[in-house]
Amino acid sequence: MNKIALITGATAGIGEAISMRLAQEGYNLIITGRRQERLDSLKAEIEKQHRTSVLTLAFDVRQYDEVKAALGNLPSEWAAIDVLVNNAGLAVGLNPIHQGVVDDWERMIDTNVKGLLYVTRTVSPGMVERKSGHIINIASIAGKEVYPSGNVYCATKHAVDALSKGMRMDLLPFGIRVTQVCPGAVETEFSIVRFKGDKGRADQVYQGFTPLDAENIADAVFYAVSQPPHVDVQDMLVMPTAQAAASIFHKE
Ligand code: NDP
Ligand code: 8X3
């Protein structure tokens, strides 16, 4: 029987690439995000290319009621989730702290921290019951370092770093693996979202060097999930060759 992976934020970027990669490796997928039409087209694409089943669930990870309604009572054939990829997340804005937009802060904290918690709280009890499972948290270099005007986004990813460590401790008695993957700059819709649709400003982020592709992070996730059961890859920092630290790039 195929294993089941649940990926949040599968409608774009890293989550979409992880979904494609795990489908290629024979997983059945629960793909989630807010944009149903994108979930539908990803499901169609995956089912065209691979012999796997795909369940789409559109909900907002910031709404605990929606998370519980979508994931708390899955049909029995989908309930035994083997791999949870907590990927949904975003940066909004890039302002110094004294010019921060409070609504942007709320969106980042609600999505990156509370959303990840809501999904984990709903899915992990089944893993505990089955004494089996693997949780992958997509954190960031921004969870290891802080950069100017990154303040709240960096704080949310530092929170993910703490939660990955805490989950690993709490889930240890149940044989559940917890892996954190921390990417550097990956060219996705991330910067378009951060700059609120300003594509010109988003493009500038990736000029003069070769950023990571979402597929590079999907490879890292697959490396972690394909290890034998006694091996837990705890933390992976994956950077572009041209990026030495959060704000140190070699640009041509
Ligand atoms: P994208 O903007 O391309 O994708 C983000 C995904 O998150 C989308 O599928 C979006 O789906 C989903 N999402 C956002 N908010 C919500 C919400 N409230 N409820 C449900 N789903 C939501 O960005 P990336 O692929 O780059 O980002 C994925 C993760 O990787 C994030 O956690 C990000 O912080 C992290 N990361 C990204 C890096 C980069 O340089 N790109 C580097 C390091 C980490 P929808 O809009 O349909 O809801
Ligand atoms: C996303 C990349 O540059 O904001 O986590 O750290 S960055």
Side-chain angles (χ1 to χ4, degrees), residues 6-20 31-42 56-64 66-67 70-71 85-94 104 106-119 136-161 163-164 180-197 199 202 204-206 209 211-218 220-221 236-240 242-249:
L6 163 59
I7 298 110
T8 68
T11 56
I14 294 171
E16 183 179 346
I18 293 169
S19 303
M20 289 301 290
I31 54 173
T32 78
R34 287 166 299 180
R35 289 170 286 181
Q36 181 68 57
E37 66 290 352
R38 287 217 187 181
L39 294 172
D40 290 342
S41 54
L42 181 59
T56 67
L57 294 172
F59 61 89
D60 186 330
V61 295
R62 294 172 296 181
Q63 306 299 331
Y64 190 35
E66 287 187 31
V67 173
L71 301 177
V85 185
N86 279 315
N87 164 76
L90 78 181
V92 196
L94 187 67
D104 294 349
E106 315 270 26
R107 285 178 61 195
M108 291 188 275
I109 293 166
D110 289 352
T111 309
N112 301 356
V113 183
K114 292 165 71 178
L116 179 145
L117 282 170
Y118 295 159
V119 173
I136 313 271
N137 292 329
I138 306 299
S140 173
I141 180 65
K144 309 248 175 225
E145 296 176 41
V146 180
Y147 51 87
S149 299
N151 44 62
V152 174
Y153 178 68
C154 296
T156 66
K157 291 298 181 177
H158 278 67
V160 174
D161 187 58
L163 289 170
S164 296
Q180 173 170 270
V181 179
C182 301
V186 189
E187 190 165 7
T188 61
E189 294 176 11
F190 177 85
S191 292
I192 299 172
V193 172
R194 166 169 258 174
F195 298 122
K196 303 177 181 176
K199 192 151 183 326
Q204 274 174 22
V205 173
Y206 308 107
F209 75 107
L212 298 171
D213 295 327
E215 288 72 22
N216 301 136
I217 303 307
V221 168
M236 299 173 86
L237 177 60
V238 185
M239 302 284 278
Q243 185 180 10
S247 47
I248 302 178
F249 292 83

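Indexing begins at 1, ligand by ligand and atom by atom, following the structure's order.
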**Student:** Out of all atoms in ligand 1, which are within 4.0 Å of some heavy atom of Gly89? Include the element for each.
**Tutor:**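 Once the distances to Gly89 are compared, the set is 5 (C), 7 (O), 31 (C), 32 (O).
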
**Student:** What atoms of ligand 1 come closer than 4.0 angstrom to any heavy atom of Tyr153?
**Tutor:**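 By the 4.0 Å cutoff, the relevant atoms are 33 (C), 34 (O), 36 (N), 44 (C).
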
**Student:** Looking only at protein heavy atoms, which one is nearest to atom 43 (C) of ligand 1, and how far off is it?
**Tutor:**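 Atom 43 (C) of ligand 1 sits closest to the protein heavy atom Pro183 O, 3.3 Å.
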
**Student:** With only distance considered, is Gly9 within less than 3.5 Å of ligand 1 through an N or O on each side?
**Tutor:**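 Yes; the residue has a nitrogen or oxygen that sits under 3.5 Å from a nitrogen or oxygen of the ligand.
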
**Student:** Applying a heavy-atom cut-off of 4.0 Å, say which part of Lys157 lies close to ligand 2: side chain, backbone, both or neither.
**Tutor:**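 Contact part for Lys157 vs ligand 2: neither.
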
**Student:** Quick one: look at Ala139 and ligand 1, take heavy-atom pairs under 4.0 Å, and tell me if it's side chain, backbone, both or neither.
**Tutor:**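 The answer is the backbone.
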
**Student:** Which ligand 1 atoms does Gly13 reach within 4.0 Å, using its non-hydrogen atoms?
**Tutor:**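 Contacts of ligand 1 toward Gly13, numbered from 1: 3 (O), 25 (O).
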
**Student:** Please determine whether any non-hydrogen atom of Lys157 lies less than 4.0 Å from an atom of ligand 1.
**Tutor:**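 Contact check Lys157 vs ligand 1: positive.
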
**Student:** Compare every heavy atom of His158 with every heavy atom of Glu145, then report the nearest pair and how far apart it is.
**Tutor:**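 The answer is O-CE1, 3.5 Å.
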
**Student:** With the threshold set at under 4.0 angstrom, would you say Ser191 reaches ligand 1 through any of its heavy atoms?
**Tutor:**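 Flag not set, Ser191 not near ligand 1.
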
**Student:** Does any N/O atom on Leu90 come nearer than 3.5 Å to any N/O atom on ligand 1?
**Tutor:**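 There is no such contact.
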
**Student:** Quick one: closest heavy-atom pair of Arg107 and Val92, and the distance?
**Tutor:**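 Arg107 and Val92 have their closest heavy atoms at NH1-CG1, 3.6 Å.
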
**Student:** Answer with yes or no whether Arg62 contacts ligand 1, where contact means a heavy atom under 4.0 Å from a ligand atom.
**Tutor:**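 Distance cut 4.0 Å: Arg62 passes for ligand 1.
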
**Student:** Which ligand 1 atoms, with their elements, are less than 4.0 angstrom from a heavy-atom of Glu189?
**Tutor:**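 Within the 4.0 Å cut-off of Glu189, ligand 1 contributes 2 (O), 3 (O).
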
**Student:** To check your reading of the model: name the closest protein heavy atom to atom 7 (S) of ligand 2, its residue, and the distance in Å.
**Tutor:**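 Of every protein heavy atom, Tyr147 OH, 3.5 Å lies nearest to atom 7 (S) of ligand 2.
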
**Student:** May I ask you to decide if Pro211's main-chain N or O and Glu187's side chain share a donor-acceptor pair within less than 3.5 Å?
**Tutor:**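 Side chain of Glu187 to backbone of Pro211: no pair is present.
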
**Student:** Answer side chain, backbone, both or neither: which part of Ala10 comes under 4.0 Å from ligand 1, heavy atoms only.
**Tutor:**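 For Ala10, the contact with ligand 1 is made by the backbone alone.
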
**Student:** Could you tell me which non-hydrogen atom of Asn112 sits nearest to which non-hydrogen atom of Gly89, and how far apart they are?
**Tutor:**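 Between these two residues, the closest heavy atoms are OD1-CA, 3.2 Å.
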
**Student:** Give the atom numbers and elements of ligand 2 that come within less than 4.0 Å of a heavy atom of Tyr153.
**Tutor:**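 Going through ligand 2 atom by atom, the ones under 4.0 Å from Tyr153 are 1 (C), 4 (O), 5 (O).
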
**Student:** Is it true that atom NZ of Lys196 has more than 12 heavy atoms of other residues, nucleotides or ligands lying nearer than 6.0 Å?
**Tutor:**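 Yes, enclosed.
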
**Student:** Can you tell me if Ala185 has a non-hydrogen atom under 4.0 Å from ligand 1?
**Tutor:**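 Yes, Ala185 has a heavy atom closer than 4.0 Å to ligand 1.
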
**Student:** Pull out every atom of ligand 1 sitting under 4.0 Å from any heavy atom of Thr11, numbered as shown with elements.
**Tutor:**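 That gives atoms 8 (C), 9 (O), 10 (C), 11 (O), 45 (P), 47 (O) of ligand 1.
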
**Student:** Any sub-3.5 Å donor-acceptor pair from Thr111's side-chain atoms to Met108's backbone N or O?
**Tutor:**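 No, Thr111 side chain to Met108 backbone: no donor-acceptor pair under 3.5 Å.
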
**Student:** Considering the heavy atoms of Phe59, write down every atom of ligand 1 situated less than 4.0 Å from one of them.
**Tutor:**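 The list of qualifying atoms is 19 (N), 20 (C).
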
**Student:** So which of Asn216, Ile141, Ile138 actually passes side-chain contact (heavy atoms from CB on, under 4.5 Å) with Pro183?
**Tutor:**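 Result for side-chain contact (heavy atoms from CB on, under 4.5 Å) with Pro183: Ile138.
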
**Student:** Can you check which of Val186, Leu116, Val193 brings a heavy atom nearest to atom 40 (O) of ligand 1?
**Tutor:**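 When every heavy atom of Val186, Leu116, Val193 is considered, Val186 comes closest to atom 40 (O) of ligand 1.
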
**Student:** Check contact between Pro211 and ligand 1, using heavy atoms of the residue and a distance below 4.0 angstrom.
**Tutor:**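 Outside the 4.0 Å threshold, so no.
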
**Student:** So is there a nitrogen or oxygen of Ser140 less than 3.5 Å from a nitrogen or oxygen in ligand 1?
**Tutor:**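 There is no such contact.
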
**Student:** Could you tell me whether a side-chain N or O of Thr32 sits under 3.5 Å from a main-chain N or O of Ile7, the two making a donor and an acceptor?
**Tutor:**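 Looks like yes, one N/O pair under 3.5 Å.
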
**Student:** Between the side chain of Asn87 and the main-chain N/O of Gly9, is any donor-acceptor distance below 3.5 Å?
**Tutor:**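 Side chain of Asn87 to backbone of Gly9: a pair is present.
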
**Student:** If hydrogens are left out, which of Ile14, Asn87, Leu42, Asp60 has an atom nearest to atom 29 (C) of ligand 1, that is, the closest non-hydrogen atom?
**Tutor:**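 Answer by nearest heavy atom: Asn87.
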
